[in-house]
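Written out below as structure tokens is the structure these notes cover.
Throughout, residue positions are numbered sequentially from 1 according to the sequence presented. Remember, it's 1-based here, ligands and their atoms both numbered in the order they're listed.
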Amino acid sequence: MEHEKLRTAITEIAADMAAETDRGRVATYIPELADVDPGQFGIAAVTADGTLLSAGDANTCFSIQSVSKVFTLTLALEALDDALWDRVGREPSGDPFNSIIQLEAEKGRPRNPFINAGAIAVTDAILDDDNAEEALDKILDFLRNVSGDNSIAIDDSVARSEAATGFRNYALANFMRSWSVIENAPDRALDVYFNHCAIAMSCRQLANAGRYLAWDGKLGPNAERLIPEQRARRINALMLTCGHYDGSGEFAFRVGLPGKSGVGGGILAIVPGQASIAVWSPGLNAVGNSKLGSLALERLAERMGWSVFARGEA
Ligand code: GLU
């Protein structure tokens, strides 16, 4: 991997994004997120030898929101393995992230682990006997471990803001409880869910956290195994097909990489065997994905020749 080429690409893309005037709109349905300055943009990428290159506001912590769903999915698969799929599907939803219609039609089993309903069901799967604190510790410990940074923490004001206004999520959780798709008290599952969505991380921390997905379940090509190879590949497959709400097809078309976005404006994207990338810009497009984050990843993938559909070296 040519670091110079990547360094130049990241630096130039960050400069272009800083100059963009059309930056999308920050999410306002979680009151705490409405106050974030849309003028920010950060990017970080970790390569196979562990080199981390970054530009822009790559050290600024933001609310990772739905990007956390990749990590909770990893933990739920660790806990339940394939039994998780009795509770959650693996198909793109084609509906907004918080849609309730599909859930009723499909008897409380959410389409995939990345829409809200699916992520709440996944969170419930890592919650034992309503013990929310223990589940949150497990999530934070995992994130601190994979990112190699013990300072990662929950932004309490964002968590409180979501708990106070997440009426739709309460409806989803109660509905799933009525079908026994979730087993703990809906309030407890949501407590964990709101808190893990409110974890604050920088692009640098997030890019490091994604390494195990770039290297088949290991933090680098020669590192110790954290999760089975097949599991890492399957999580990537779900990120590619379902990671961007009902903009997943467009993201796969434009960027060609597994990615997971969050309404805080962050995106984690994986180039299997090559890099783990995090971008952040708070302004969102019409389907709730970071507008400049998506654009930056499209440009970076093109400049570097990165795509999961690229012809591999013979
Ligand atoms: N915590 C947010 C919610 O449940 C997550 C939304 C997102 O990033 O997609 O509404």
Side-chain angles (χ1 to χ4, degrees), residues 24-36 61-73 88 92-100 102-103 110-124 127 132 135-136 139 143 154-176 182 186-201 206 209 238-239 241-248 250-251 259-269 278-291 293-294:
R25 296 164 68 99
V26 299
T28 51
Y29 77 100
I30 300 171
E32 277 297 309
L33 297 184
D35 297 333
V36 179
C61 285
F62 58 90
S63 192
I64 65 168
Q65 289 295 319
S66 280
V67 184
S68 63
K69 296 172 182 176
V70 171
F71 307 112
T72 47
L73 174 62
V88 188
S93 76
D95 270 332
F97 66 100
N98 57 4
S99 170
I100 200 163
Q102 220 163 40
L103 200 57
R111 270 287 169 98
N112 70 63
F114 294 147
I115 52 171
N116 281 14
I120 295 166
V122 163
T123 299
D124 179 71
L127 182 57
L136 273 172
I139 296 167
L143 267 175
I154 294 163
D155 182 331
D156 292 325
S157 57
V158 173
R160 277 197 302 272
S161 184
E162 280 208 63
T165 57
F167 305 112
R168 176 86 62 126
N169 287 324
Y170 287 106
L172 294 169
N174 279 292
F175 189 74
M176 287 189 290
I182 72 172
D187 280 3
R188 296 273 82 188
L190 284 172
D191 185 18
V192 181
Y193 173 80
F194 290 140
N195 274 284
H196 74 64
C197 286
I199 290 171
M201 289 172 79
L206 192 57
L238 290 166
M239 289 167 74
T241 51
C242 311
H244 280 75
Y245 320 112
D246 48 343
S248 299
E250 186 69 10
F251 185 84
K260 181 72 203 88
S261 75
V263 292
I267 304 176
L268 172 67
V279 291
W280 169 61
S281 182
L284 308 180
N285 64 19
V287 284
N289 299 309
S290 173
K291 186 175 173 91
S294 309

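Within the 4.5 Å cutoff, the side chain of V263 has heavy atoms near those of the Y245 side chain. With a 4.5 Å cut-off on side-chain heavy atoms, I115 and C242 do not count as touching. At least one side-chain heavy atom of I199 sits less than 4.5 Å from a side-chain heavy atom of I139. Side-chain contact between V122 and K69 is absent, with no heavy-atom pair separated by less than 4.5 Å.
For ligand 1, the atoms closer than 4.0 angstrom to any heavy atom of Y29 are 2 (C), 3 (C), 5 (C), 6 (C), 10 (O). Interface of Y245 with ligand 1, defined as ligand atoms under 4.0 Å from a residue heavy atom, comprises 7 (C), 8 (O), 9 (O). Against a heavy-atom cut-off of under 4.0 Å, E162 is close to the following atoms of ligand 1: 1 (N), 2 (C), 3 (C), 4 (O). Distances below 4.0 Å separate heavy atoms of G262 from the following atoms of ligand 1: 8 (O). In the vicinity of C197, heavy-atom distances shorter than 4.0 Å reach the ligand 1 atoms 1 (N). Under a 4.0 Å criterion applied to the non-hydrogen atoms of S66, ligand 1 contributes the atoms 5 (C), 6 (C), 7 (C), 8 (O), 9 (O). Near N116, meaning under 4.0 Å from one of its heavy atoms, ligand 1 places the atoms 3 (C), 4 (O), 10 (O). Close contacts between ligand 1 and Y193 involve ligand atoms 1 (N), 2 (C), 3 (C), 4 (O), 5 (C) [criterion: under 4.0 Å to a heavy atom].
Both the backbone and the side chain of V263 come within 4.0 Å of ligand 1, counting heavy atoms alone. Only the side chain of N169 comes within 4.0 Å of ligand 1, counting heavy atoms alone; its backbone N, CA, C and O stay farther away. Contacts between F194 and ligand 1, counted as non-hydrogen atom pairs separated by less than 4.0 Å, are absent for every part of the residue. At a heavy-atom cutoff of 4.0 Å, ligand 1 is contacted by no atom of R168, backbone or side chain.
The backbone N or O of D191 sits less than 3.5 Å from a side-chain atom of N195, completing a donor-acceptor pair.
Smallest separation of non-hydrogen atoms from V67 and G262: CG2-N, 3.8 Å.
Ring pair Y170/F194: centre-to-centre distance below 6.0 Å.
Figure legend: K291 and F251 shown without cation-pi pairing, the cationic atom not lying both under 6.0 angstrom from the six-membered ring centre and within 45 degrees of its axis.
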